[in-house]
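Worksheet: the structure to be examined is printed underneath.
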There are 2 protein chains.
Amino acid sequence: MTSPKSQLFEKFADLARVLGHAHRLELLEHASQGERSVERLAQLAGLSVANASQHLRHLHSGGFVQSRRDGNRVLYRLGDGPILELLSALRCYAERSRAEVREIVADHFAQLDRLEPVSREELLGRLQDSSVILLDVRPKDEFALGHLPGALNMPLNELERRLSELPKDQEIIAYCRGPYCILSFEAVATLRANGYKIRRLEDGFPEWKAAGLPVEAAA
Amino acid sequence: MTSPKSQLFEKFADLARVLGHAHRLELLEHASQGERSVERLAQLAGLSVANASQHLRHLHSGGFVQSRRDGNRVLYRLGDGPILELLSALRCYAERSRAEVREIVADHFAQLDRLEPVSREELLGRLQDSSVILLDVRPKDEFALGHLPGALNMPLNELERRLSELPKDQEIIAYCRGPYCILSFEAVATLRANGYKIRRLEDGFPEWKAAGLPVEAAA
DNA sequence: TAACTATTCAAGCAATTAGTTGAATAGTTG
DNA sequence: CAACTATTCAACTAATTGCTTGAATAGTTA
């Protein structure tokens, strides 16, 4: 009865089902920034620790995260394989074919078009002539776990009070956790309002790292 | 409480959950061959009509299939957007990262390596010098709904008795429903056993069509 | 070893989902 | 219109999933 094809469909369905919960997608996004304890992930996703632990075990069973023990805590990180590609295909389908999704994006990330995001390829070129300032607007601890080479870390909540550290005559490129992370959108809005030349990277740190591009960790 | 990002995660999760059932993945594969009635899809997937109808409504709610009424039946077909790309990303992740999946593939599609599948690009080139026979081993009715230009239809169950129609001195390329459809694997096995030069296309009809390549329908 | 922290496990309840059955609906045909 | 076909809907049961709570486990520290 269970033909090999049905068995494969079962396996594929199991994996899809693991991705079929908003909390797990959010935990996955946070884990893909770098290694994180269960408690921290729970906090970031607004879940109880036990609940986060359960969802993380689900993700683990599908190979989407890996874990290791460090002292009395367990650290989760993104798993192996083309996970970000799979998530990107999901986003891509949703954005192109589902009107509700396009609506949410249009309502809340309305500047999308006007911001003219920068692709990874373009950024790579620009970094070599060092004609840009690269700005990482994620929280300090995520920055410490890894960031783009030469990036300046200025978490969103510190941005306004540290404006003077940024030059107005050079282009700034901001990035954060990924394509739908609002941090870099808000950074762009704030800085543009203050007369800076700023654009955002079209995706975030995990995608950069997964593309095999160079990454720096905290000193 | 429902930030735009959470809303998006909810939508993405909804879509993933629709793909999170083996029966739906199977129905989707069949619907992507061409328009099919509920009854036929139910039969192909081995489900009751009511059950198939329910799963199809799920797929419909996620936009993975579209439907239209034709007389007293309702025909379902593949929906718009990069659906096959999403499914391919899922397969790709599963195959690269999940050992159980690799095992099933290795056990049941063991010839995979030895068969040296032909890519779409290679096939396109070969078709122009007409140096190959193109063989569609899907059932007659699926062939009638659409097939690769110039393909010869020989359903698997007719293959052995119609061997004489095929030349032994020309290379044959077989294709079927998609990358894990066993039809073309079995065709290759049968024909090789009989001394034919045959290889298989690496994916199937739906992927060919989705790539925007030319397709023929029944006369 | 005792007290402590971080995580997982187990039990239980509520909510959701899968499947069956039979009735309702839309359309066709005599 | 009546009889018929194909599909969907509604009601129901069984199974699964999500979440909470409290206990168990692994590791640290006094």
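Per chain, numbering begins at 1; letters A, B, ... match sequence-line order.
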Point to revise | Gap between atoms CD and P, on A:Glu39 and C:dT8 respectively (whole Å) | key: 12 Å

Point to revise | Check ion pair B:Glu103-B:Arg98 (N to O, under 4.0 angstrom) | key: no

Review point. Which ones in residues 9-36 of chain A lie close to DNA chain D, meaning a heavy atom under 4.0 Å from one of its atoms?
Key: A:Arg17, A:His21, A:His23, A:Arg24

Check your understanding: Looking at DNA chain D, which of residues 45-66 of chain A put a heavy atom within less than 4.0 Å of it?
Key -> A:Ser48, A:Ala50, A:Asn51, A:Gln54, A:His55, A:His58

Check your understanding: Between A:Leu123 and A:Tyr175, is any pair of side-chain heavy atoms under 4.5 Å apart?
Key -> no

Practice item. Round to the nearest Å and state the distance from A:Leu41 atom CG to C:dT7 atom P. Key: 9 Å

**Study point:** Under the side chain to side chain contact (heavy atoms under 4.5 Å, CB included) test, residues paired with B:Glu186 that sit two or more places apart
**Key:** B:Leu156, B:Ile182

**Study point:** Side-chain donor-acceptor pair present, B:Arg40, B:Gln43, cut-off under 3.5 Å
**Key:** yes

**Study point:** For B:Glu202, salt bridge (Lys or Arg N to Asp or Glu O under 4.0 Å) partners two or more places apart
**Key:** none

Point to revise | For A:His21, all residues meeting side chain to side chain contact (heavy atoms under 4.5 Å, CB included), sequence neighbours excluded | key: A:His23, A:Arg24, A:His55

Exercise for review: Under the salt bridge (Lys or Arg N to Asp or Glu O under 4.0 Å) rule, collect the residues that match up with B:Glu158, sequence neighbours excluded.
Suggested key: B:Lys140, B:Arg162

Exercise for review: Using the test side chain to side chain donor-acceptor pair (under 3.5 Å), find all partners of B:Glu29 that sit at least two apart in sequence or belong to another chain.
Suggested key: A:Lys5

Check your understanding: According to the interplanar angle, ranging from 0 to 90°, do the rings of A:Tyr76 and A:His60 count as parallel (below 30°), tilted (30 to 60°) or perpendicular (above 60°)?
Key -> perpendicular

Check your understanding: By ring pair (Phe, Tyr, Trp, His ring centres under 6.0 Å), which residues pair with A:Phe143, not counting sequence neighbours?
Key -> A:His147

Study note, to complete from the structure: Sorted by chain and number, sequence neighbours left out, salt bridge (Lys or Arg N to Asp or Glu O under 4.0 Å) with A:Arg102 holds for none

Revision key, fill the gap. Per-nt protein contacts along nucleotides 24-30 of chain D (heavy atom under 4.0 Å; B base, S backbone sugar-phosphate only, - none) come out as --SSS--

Review point. What bend angle does the helix from C:dT1-D:dA30 to C:dG30-D:dC1 show across its length, from five-pair end axes and to the nearest 10 degrees?
Key: 10°

Exercise for review: Would you indicate whether the side-chain heavy atoms of A:Met154 and A:Asp136 approach each other to under 4.5 Å?
Suggested key: no

Check your understanding: B:Tyr76 side chain N/O closer than 4.0 Å to the phosphate oxygens (OP1, OP2) of D:dA6?
Key -> no

Please list, one pair per line, the donor and acceptor atoms closer than 3.5 Å that link side chains of residues 85-94 of chain B to other protein atoms, with sequence neighbours excluded.
residue: B:Tyr93; atom: OH; partner: A:Gly62; partner atom: O; Å: 2.6
residue: B:Tyr93; atom: OH; partner: A:Gly63; partner atom: O; Å: 3.1

